[in-house]
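Below is one structure, written out as structure tokens; comments come after it.
Computed from a predicted structure; not experimentally measured.
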Amino acid sequence: MHVKDKAVKLKHSRTGELMGEFGRLYEQQYAVALFNKMRYDIEGGGGPQNQLLHRKVPLKNKSIFSGDLFQYLEENKKWRNRFLFIPDSYNINYYENKQAHDRGLHPKGTINCAGYRVLTSMEEYLERLNTSLPGVKAKVGSSPFLKFATQFPLILWHPYARHYYFCMVTEKEQQKWNAVFQDCVRHTNNGLPEECKVQTPAFTDAVRLFRQAHGHYGTWDMMCGTPPQILANLVMETLLPEMRDLITPKLKGKMHERQRNWMLISDAVYGLVQSQTRAQYEAVVQSCEAGRPPLETTIRTDMDQIITSKEHVSSKIKGTLVLPKAEKLLKVSIQPYISSILDALMEPTSRGFFEVRDLFFRELVDMSKNLLNDGNKEKLGEHMEKISMLAFHPVKMQSCYEKMESLSLEGLQQRFDVSSPSVFVQRAQILMREQMDDAVYTFEQLLHQSLEDQEAEDLCKTSQRCQDRVIKKFDYDSSTVRKKFFREALLQIFIPYMLKQLSPSCSAELPRFQELIFEDFSRFILVENIFEEAVLHTVMKDIMMAVKEAAVQRRHNLYRDSIVLTNSDPNLHLLGENPPIDWAEEYGGGQEEEDGENAGDPEAQKRRRMKQVVSMIQVEDNVFVLPNESCLEVPAVDNIPEEEAEVRSDTSLSQQSEKQVPNGTKKDVNKNAIDEKPPTNGSAIKEEESTTEMSLQGTESKSVIDCAIQEIENAVQEEEHELRTQKTEESSSLKEETAAEEVRPTSNCEEGARLNPADTNKDSPSSTEEEPLDSPERKGEAVTPSDQQENHITASTHDSSQCDDSGFHSPTNEAAEEKHQAGKEECNDSETGEDTGKGESAHMDHQ
């Protein structure tokens with residue numbers, strides 16, 4: 001209890017100290033941000049205008065994902081099945097089951113993914129866990145404190161908050177859930193909303209100045225989540241080491257138990273810190289908002305004088321303090337590295353944006369192909385309903401996001417105090433998603449307008465024209481967005497480094513410049529901000545030149561800054577004011593009937609109408625039971641429905657190839673089977689073997705018989721050739737015409753010769769399957785000879801199925817083969833008489 005009191009007191013004091021200092025900085029930066037916002041509203045901003053439309057509310061009445069998986073519960077240390085539902089807020093809600101969600105019950109818990117990392121292996125998790133508690137590390141080969149129920153885990157790890165453990169049945173399911181979790185983390189780490197033109201810059205500048213005052217420059221990975229979460233991360237950055245020194249000596253038990261207990265303590269402290277920072281931050285914001293009206297009045301009255309005073313002080317600070325020291329630093333430590341860092345940023349970023357373009361193009365091409373087969377507007381509405389949410393489909397967009405994962409700044413991170421490239425990776429991925437949604441939204445509006453103006457025109461041609469327009473606009477906007485991202489990333493890398501180098505010598509001289517500012521304007525002009533702006537301007541010129549040079553060289557398809565398309569398509573931007581398009585409802589097939597049970601419940605109707613970006617994972621009939629969990633029966637998880645079309649196409653192709661085997665391709669299949677696998681001895685085959693093995697062996701034995709038949713046919717053809725030569729010399733012109741029709745009877749005799757060897761395998765005790773005739777022509781030939789030959793062919797056809805499955809001839813077969821050779825000569829002797837008589841009768845019929 002004594003340690004607990006100390007910990008609570010320490011938490012309360014550290015949080016109070018930080019919030020007091022932060023509140024002072026926030027009030028100062030709030031007035032500066034308000035002045036900058038009002039000045040921007042008056043003067044406006046330059047730069048190229050985006051060509052694509054932007055969706056205002058992209059996920060209205062949409063959810064992201066839902067499905068079942070296994071979750072490890074800390075309370076009873078057991079695995080349980082949970083139904084996860086992810087709404088448009090990207091918070092993960094988990095329920096007891098799907099029925100609980102459908103009835104509108106409160107979730108068992110909600111996970112805010114800000115600051116989390118998604119891990120896919122226990123080794124990676126233990127490595128991070130060992131760093132959280134110095135001096136307490138797992139030994140090599142020691143068993144972890146929890147065992148996963150399957151071999152496909154997913155872990156949500158946080159440096160301060162609680163960890164969450166999940167596992168899936170299949171690897172494909174793990175990949176899909178990993179993409180969904182990564183999207184949740186990416187969205188919640190995106191930062192504060194840019195729509196707040198005053199509160200957001202005031203907050204970020206106050207946090208940055210606070211960290212710089214404590215010697216922390218450079219990027220910060222935990223600048224993510226809501227303002228109370230960011231402030232709690234800021235408190236835990238200094239509080240956690242003190243708590244660790246206080247509590248670690250008191251932890252008892254095995255190593256993994258101590259790690260687990262420390263994690264629970266850290267989560268409890270983090271929750272208390274968040275509640276305290278939330279309350280104090282809201283009080284600071286309310287105080288600043290209450291004092292906003294008099295500040296706005298002063299700014300409107302003295303705007304020109306404030307601007308003049310700020311420019312005067314800026315010129316003094318830049319000319320006498322910053323430039324002499326910054327120029328030397330630029331030449332030695334900044335300029336040599338600009339091009340290399342820019343190249344490292346451009347390569348993966350451009351590949352990611354190119355993949356976005358290709359994905360968008362492929363989806364539209366697939367839609368056009370489907371419209372060619374069944375080109376009605378109902379089908380168009382179904383496809384557009386899916387394409388409209390393409391940017392927020394985490395599984396489909398994963399191929400674009402993965403391109404950015406290869407970003408590496410090794411060697412530069414320590415020099416410029418970059419904690420990790422994850423800040424730039426996640427920012428670029430968010431820009432990819434926004435660019436994809438802008439392209440899709442623009443295509444929607446153009447297509448919808450074309451369909452209203454031209455009702456009877458071909459849908460494919462209309463779609464193609466809209467697609468071409470959007471692709472051109474996408475290429476331009478992609479260049480603009482990437483160049484802006486490169487500039488911001490380079491500034492985030494270089495500015496903290498330069499401030500860290502210049503602040504020790506410049507900070508002491510800044511107060512004397514405060515005297516140049518009128519007291520009435522001192523709230524809107526701060527020398528610390530002017531100093532940072534001066535440092536930024538010194539390096540901004542070199543960064544702009546490097547990006548411009550890359551654009552002039554057309555590297556990675558970047559456009560020059562001189563190509564500015566301002567209001568190139570004014571009618572298009574008018575479409576951005578239109579309401580969102582409900583393709584399924586407008587073009588039919590999307591209106592669901594009211595559920596009688598929930599007809600009077602508006603919340604139930606809202607849940608039913610809510611459409612999901614990624615279709616819910618379908619559940620199979622097979623059951624997967626976890627070890628040591630007799631009460632749990634959870635069905636396995638199959639593919640996402642979007643991928644079922646590929647499975648069906650593969651199945652149909654395999655069935656079609658199987659149907660082609662009896663139609664003349666059987667011999668080729670048999671030959672391939674012989675090349676791939678040698679025949680085995682049929683005496684070793686047991687009756688209990690599967691049907692598949694028997695069919696394979698039957699195919700091999702039939703292949704050997706075909707080879708023997710081919711040899712016999714060759715010998716018969718040689719004898720026939722000699723007989724025909726004699727007939728040609730002795731017969732007249734009438735007999736020559738008769739000889740021209742001898743092909744069909746000869747083939748019948750050859751057929752008999754081909755099937756006779758199978759008679760030798762009559763006594764073989766192997767396969768009982770009947771072999772189908774090789775071709776339809778052979779069936780027709782079997783009815784043309786005499787009755788004796790017909791009976792002979794039919795008998796030989798049935799006997800051929802009795803061949804030895806092993807592919808080898810038994811001693812009985814060898815004796816029968818000798819007997820067959822004698823019978824073959826008799827068939828050849830009778831061939832001439834039969835053929836001649838049949839040919840003469842055919843000639844008489846012809847006359």
Just by distance, do the side chain of [X] and the backbone of [Y] share a donor-acceptor pair under 3.5 Å?
| X | Y | value |
| --- | --- | --- |
| Ser287 | Val284 | no |
| Thr277 | Gln274 | yes |
| Gln229 | Thr226 | yes |
| Ser340 | Tyr337 | yes |
| Ser503 | Lys500 | no |
| Ser522 | Glu519 | yes |
| Thr538 | Ala326 | no |
| Thr204 | Pro201 | yes |
| Ser315 | His312 | yes |
| His214 | His216 | no |

Have [X] and [Y] got a donor and an acceptor in their side chains that come within less than 3.5 Å?
| X | Y | result |
| --- | --- | --- |
| Tyr476 | Asn50 | no |
| Tyr30 | Glu289 | yes |
| Asp183 | Gln398 | no |
| Gln51 | Asp477 | no |
| Gln429 | Arg186 | yes |
| Asp221 | Ser420 | yes |
| Arg14 | Thr238 | no |

If you take all heavy atoms of [X] and [Y], which pair is closest and at what distance?
| X | Y | result |
| --- | --- | --- |
| Ala114 | Gly225 | CB-CA, 3.6 Å |
| Phe524 | Asp520 | CE1-O, 4.0 Å |
| Leu240 | Pro159 | CD2-O, 4.4 Å |
| Tyr26 | Val285 | OH-CG2, 3.9 Å |
| Phe360 | Leu390 | CA-CD2, 4.4 Å |
| Cys184 | Ile92 | SG-CG1, 4.2 Å |

If you measure from [atom1] on [X] to [atom2] on [Y], what distance do you get to the nearest 0.5 Å?
| X | Y | atom1 | atom2 | value |
| --- | --- | --- | --- | --- |
| Cys506 | Leu321 | SG | CG | 4.0 Å |
| Leu499 | Gln212 | CG | CD | 5.5 Å |
| Ser507 | Glu528 | OG | CD | 8.5 Å |
| Ser406 | Arg351 | OG | CZ | 4.0 Å |
| Met303 | Phe521 | CE | CZ | 11.0 Å |
| Leu18 | Met236 | CG | CE | 12.5 Å |

Side chains of [X] and [Y]: does their closest heavy-atom pair fall under 4.5 Å?
| X | Y | answer |
| --- | --- | --- |
| Phe485 | Leu490 | no |
| Phe392 | Asp88 | no |
| Ile317 | Val313 | yes |
| Phe518 | Ile525 | no |
| Val273 | Leu231 | no |
| Met432 | Met404 | yes |
| Leu192 | Pro227 | yes |
| Lys62 | Pro87 | no |

side-chain hydrogen bond (donor to acceptor under 3.5 Å, both in side chains) assessment of Ser478 paired with Arg482: CA-CA 6 Å; Ser478 170; Arg482 281 181 289 149; 3.1 Å; yes
Evaluation steps, side chain to side chain contact (heavy atoms under 4.5 Å, CB included), between Glu194 and Thr200: CA-CA 7 Å; Glu194 298 180 357; Thr200 295; 5.9 Å; no
Derivation of the side-chain hydrogen bond (donor to acceptor under 3.5 Å, both in side chains) call for Tyr270 and Asn233: CA-CA 8 Å; Tyr270 186 61; Asn233 297 336; 2.7 Å; yes
Could you tell me whether [X] and [Y] make a salt bridge, using a distance below 4.0 angstrom between a side-chain N and a carboxylate O?
| X | Y | answer |
| --- | --- | --- |
| Lys318 | Glu533 | no |
| Glu515 | Arg512 | no |
| Lys197 | Asp41 | no |
| Arg208 | Glu532 | yes |
| Glu327 | Lys331 | no |

Intermediate values then yes/no, side chain to side chain contact (heavy atoms under 4.5 Å, CB included), Ser479 and Asn557: CA-CA 7 Å; Ser479 174; Asn557 201 28; over 6 Å; no
Asp438/Lys473 under salt bridge (charged side-chain N to carboxylate O under 4.0 Å, His left out): CA gap, chis, key distance, verdict: CA-CA 10 Å; Asp438 291 349; Lys473 296 177 182 298; over 6 Å; no
Steps toward side chain to side chain contact (heavy atoms under 4.5 Å, CB included) verdict (Val207, Trp220): CA-CA 10 Å; Val207 171; Trp220 186 36; 4.2 Å; yes
From CA spacing to verdict: side-chain hydrogen bond (donor to acceptor under 3.5 Å, both in side chains), Asp205, Gln28: CA-CA 10 Å; Asp205 290 341; Gln28 295 176 355; over 6 Å; no
Test of ring centre spacing under 6.0 Å for Tyr281 and Phe203: yes
Ring centres under 6.0 angstrom apart (Tyr497, Phe416):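 Between Phe416 and Tyr497, which both carry aromatic rings, the centre distance is below 6.0 Å.
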Stepwise salt bridge (charged side-chain N to carboxylate O under 4.0 Å, His left out) test for Asp437 and Arg433: CA-CA 6 Å; Asp437 188 52; Arg433 188 179 71 183; over 6 Å; no
Trace of the side chain to side chain contact (heavy atoms under 4.5 Å, CB included) decision for Gln426 with Asn190: CA-CA 7 Å; Gln426 292 184 359; Asn190 187 29; over 6 Å; no
